[in-house]
Number of protein chains: 2
Amino acid sequence: MTTAALSSRPSSFSNQASKAILSANINEAGWRCHGNLWSNLREVCDLLHIAAPVSSVEEEVLFQHVRFKAGQRIHTIGQSFDTLYIVNSGFLKTVLIDEYGNEQVLSFPMKGDLLGIDGIHNQHHASEAVALSDCDIILLPYKIFTALGHTYAELEHAMFSVMSRELVREQLMIGMLSALSAEAKVARFLTNLGDRFSQLGYSGRSFNLRMTRHEIGSYLGLTLETVSRTLSAFNEMGLISVEQREICLLDPATLKTLRRLPPTKARNKVSEKVSTLVSKKLMPQWSADAAVAA
Amino acid sequence: MTTAALSSRPSSFSNQASKAILSANINEAGWRCHGNLWSNLREVCDLLHIAAPVSSVEEEVLFQHVRFKAGQRIHTIGQSFDTLYIVNSGFLKTVLIDEYGNEQVLSFPMKGDLLGIDGIHNQHHASEAVALSDCDIILLPYKIFTALGHTYAELEHAMFSVMSRELVREQLMIGMLSALSAEAKVARFLTNLGDRFSQLGYSGRSFNLRMTRHEIGSYLGLTLETVSRTLSAFNEMGLISVEQREICLLDPATLKTLRRLPPTKARNKVSEKVSTLVSKKLMPQWSADAAVAA
DNA sequence: CGGAGTCTTGACGAGATTCAAGGCCAGTGG
DNA sequence: CCACTGGCCTTGAATCTCGTCAAGACTCCG
């Protein structure tokens, strides 16, 4: 954050000199881009939304930034694991490759997300992370990070917590994949994306997609045609406005509660009449403030 | 394992007496069932397939066993979290409840599996674990376990590793849910189950299902009718023999490679002719030893 | 024996995929 | 500057898989 990083490179080193050497010669990439080459523990914790340990030593350890261009891979399947990654800026996808070479999109990480957890088990990555835009990534050497966890108990718990959060996210994903209709999947995908953008301080109503229809489809277990058709349908109904990758959510509330006609097959027989009458037009009936629609 | 546990309860206590007091009065359940009420760290590590720390202190800490009857809940959604669970024996399911009260099955844990990880994040369980048969569960108080992790670095890494493994498992689940046909899902479900049974020393070819068709369907994102029909189809084709919950895998190799006619939509156009000719009958074409079929 | 829960099987239809054709957009090279 | 190319997106029509609804059989238990 010290200005004038361009002309006087040493200045950014002045208060960090001795410790930086620890990992300085690992990778020479991204020398002085955007003036933020190293982050201390506090910055890392802020990024991950976890409470930082209140100690002075934290300033001593620095983590290196690396830049990736769109299309580049942060890690690949089978690659041996020794570091975790935090997204500092940019947009990516993580994918699985099945036995026939087809990509299966697992997530779309963005600022503040942790990558590479899948590599801890048996020391090799099970998935692949690809930059969808230019990215700034922070390297967290696993050994160093767990060592820090030993001295700061809060940090260790936070690490478990982040992994647990990731696990819960995937569980919800499984629930969504196996129980929702195509319309509901796309609707929730859009609102989730919007929510994540607003958490980052951007507009949650109006944004542009960084991924192709094909990638969205892979993520949601649909074909690209179905995704496209669904977006067009939402557009015509006035729920969103869409033009290529430019999206605007006009009625987020309705999108959030949009669902399959009978959700799986429902134990509550009460709703059946309403369901068949109203839900045909994709309108959720018992959203608290559905009166507006009429 | 000392015999005569019934009449002389004190005998099973003789060699553990002083240490057990540590946590003896936490919970009075399961007093002397099957003679194995407490496990030390080594036993726990063996169960989880992780290397146990080579120390003497480990004998000091004991973990309590609790028994659950079929239908009982180990933890419920929203319940506050403070302990992890290891399955020592028995069969369970973990489920999510969606906004309309429908169950979504997430996994079928059995011996050696770790439960409750989803609770670490924000201290409340996000899912629910239900015993499908009578179960013997080991309690791992989270605080105690992480404290042990502090003194034994291997243990901490092992904990991360187990969580990572769980994450990878869920990723594969996502891939399977969104890319495979109903037949392929059921086929892989059966072979996975078989593999898990054989890892535990049981027969991987012949076993009985502990869950209903409805639960299988929920797990795979299918209806119970589709599951039933698919099993019947496999039965007629001689791939399995099935009678109610009694399953025998007659051709595991074929089942493992069974897939959708076009897997997702395939980049490899080569296979299309073969595919349309052969795959209509659900036979995988390029399984190494497919020649047997003819 | 009767009843509840589970499983099987059939007929039908709706929703999603597949196949195909054409439009939009950006980058490239003449 | 413009035509050309390739990737991405849209839209339509035909197909098919899977879900829905319904009826009946099996099993376990009181």
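None of these values were measured; they are calculated from a predicted model. Throughout, protein chains are lettered first and strands after them, A, B, ... in sequence-line order, and every chain is numbered starting at 1.
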>> Using a strict threshold of under 4.0 Å (side-chain N to carboxylate O), is an ion pair present between A/R196 and A/D113?
In response: yes

> Base, sugar-phosphate, or nothing: which does B/G217 touch, judged by heavy atoms less than 4.0 Å apart?
Replying inline: nothing

>> Rounded to whole Å, please give me the gap between CD in B/E183 and P in D/dC16.
In response: 14 Å

> Rounded to whole angstrom units, what separation is found between the CG atom of B/L220 and the P atom of D/dG19?
Replying inline: 11 Å

>> Angle between ring planes, A/F91 versus A/F197, binned at 30° and 60°: parallel, tilted or perpendicular?
In response: parallel

>> Does this structure show an ion pair linking A/R188 with A/D195, if we count only N-O contacts that are shorter than 4.0 Å?
In response: no

>> Classify the ring geometry of B/H75 against B/H125: parallel below 30°, tilted from 30° to 60°, perpendicular beyond 60°.
In response: parallel

>> Expressed as a whole number of angstroms, how long is the span from B/L209:CG to D/dT27:P?
In response: 16 Å

> Nearest-Å distance, CG (B/L180) to P (D/dT17)?
Replying inline: 15 Å

>> Testing the basics here: between B/R259 and A/Y100, what is the closest heavy-atom pair and its distance to 0.1 Å?
In response: CD-OH, 2.8 Å

> Among C/dA16, C/dT17, D/dC18, which nucleotide sits nearest the side chain of A/T223?
Replying inline: C/dT17

> Is there a donor-acceptor contact under 3.5 Å linking the side chains of A/T226 and A/T223?
Replying inline: yes

> Within this structure, what is the CD-to-C1' distance between A/E236 and D/dT11, rounded to whole angstrom?
Replying inline: 11 Å

N/O-N/O pairs, protein side and nucleotides 7-10 of chain D side, under 3.5 Å:
| from | atom 1 | to | atom 2 | distance (Å) |
| --- | --- | --- | --- | --- |
| D/dC9 | OP1 | A/R245 | NE | 3.0 |
| D/dC9 | OP1 | A/R245 | NH2 | 3.4 |
| D/dC9 | OP2 | A/R213 | N | 2.9 |
| D/dT10 | OP1 | A/R213 | NH2 | 3.2 |
| D/dT10 | OP2 | A/R213 | NE | 2.8 |
| D/dT10 | OP2 | A/R213 | NH2 | 3.3 |
| D/dT10 | OP2 | A/S228 | OG | 2.8 |
| D/dT10 | O5' | A/S228 | OG | 3.3 |

>> Rounding to an integer number of Å, can you tell me how far B/E246 CD sits from D/dT27 C1'?
In response: 14 Å

